[in-house]
Amino acid sequence: MACAEWVPGYTKSDLLAAGRRPFPGWPDSVLAQAPQLPFEHELYRVWNVPDRTPFQRVATVSKVPTLIVSGTFDAKTGARWGPYTGRTLARSTAVRIPGVGHFVVPQSPCA
């Protein structure tokens, strides 16, 4: 289940508290939603998806050559996560593509 990975280990109240910090005047109905994924908690409940938090937080360790491509305008996973992702990948290279969002390859001829 892909949805088990979107908001691992976070309850609706966790998301609400996180949303209130930068946007204290916004309504709870907006702040309680996972960014760009307002339906995830309902899917977990309906599909009885188990909590995958322990598995999601285990870093992959590998010596396989890996290219990590991030867009500097990625509002979903942010370009700063590229080097972090590669910290346990011995032969990784993190590249930031300026001015593009989450779907780097289709958005950038350079990528």
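Cluster partners of Val100, by chain and number: Leu67, Val69, Val95, Ile97, Val104. The rule joins Ile, Leu, Val, Met, Phe, Trp and Tyr whenever side-chain heavy atoms lie under 4.5 Å apart. Residues Tyr84 make up the rest of the hydrophobic cluster containing Trp81, defined by ILVMFWY side-chain heavy atoms closer than 4.5 Å, directly or through other members. Other cluster members for Leu89: Ile68, joined by side-chain heavy-atom distances under 4.5 Å among Ile, Leu, Val, Met, Phe, Trp and Tyr. Grouping Ile, Leu, Val, Met, Phe, Trp and Tyr by side-chain contacts under 4.5 Å, direct or through others, leaves Val58 on its own.
Applying the side chain to side chain donor-acceptor pair (under 3.5 Å) test to Arg91 and every residue at least two apart in sequence or in another chain returns nothing. A search for ring-ring contact (aromatic ring centres under 6.0 Å, His included) contacts involving Phe23 returns Trp26, not counting sequence neighbours. The side chain to side chain contact (heavy atoms under 4.5 Å, CB included) search around Pro27 returns Ser29, Val30, not counting sequence neighbours. Residues satisfying the ring-ring contact (aromatic ring centres under 6.0 Å, His included) criterion with Phe73, sequence neighbours excluded, are absent altogether. Partners of Arg96 by salt bridge (Lys or Arg N to Asp or Glu O under 4.0 Å), not counting sequence neighbours: none found. Thr60 meets the side chain to side chain donor-acceptor pair (under 3.5 Å) test with no other residue; sequence neighbours excluded.
The distance from atom OG1 of Thr85 to atom CZ of Arg80, rounded to the nearest 0.5 Å, is 10.5 Å.
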Give the C-alpha distance, both sets of side-chain angles, the deciding distance and a yes or no for side-chain contact (heavy atoms from CB on, under 4.5 Å) between Asp28 and Leu16.
-> CA-CA 7 Å; Asp28 288 356; Leu16 180 59; 3.7 Å; yes

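The heavy-atom pair separating Ala59 from Thr88 by the smallest distance is CB-OG1, 3.8 Å. Of all heavy-atom pairs between Ser70 and Gly82, the closest is OG-CA, 3.8 Å. Closest approach of Gly71 to Ala79, counting heavy atoms only: O-CB, 3.5 Å. Residues Lys63 and Ala90 approach most closely at CG-CB, 4.2 Å, considering heavy atoms.
A donor-acceptor pair is defined here as one N or O able to donate and one able to accept, closer than 3.5 Å; such a pair exists between the side chain of Ser92 and the backbone of Gly86.
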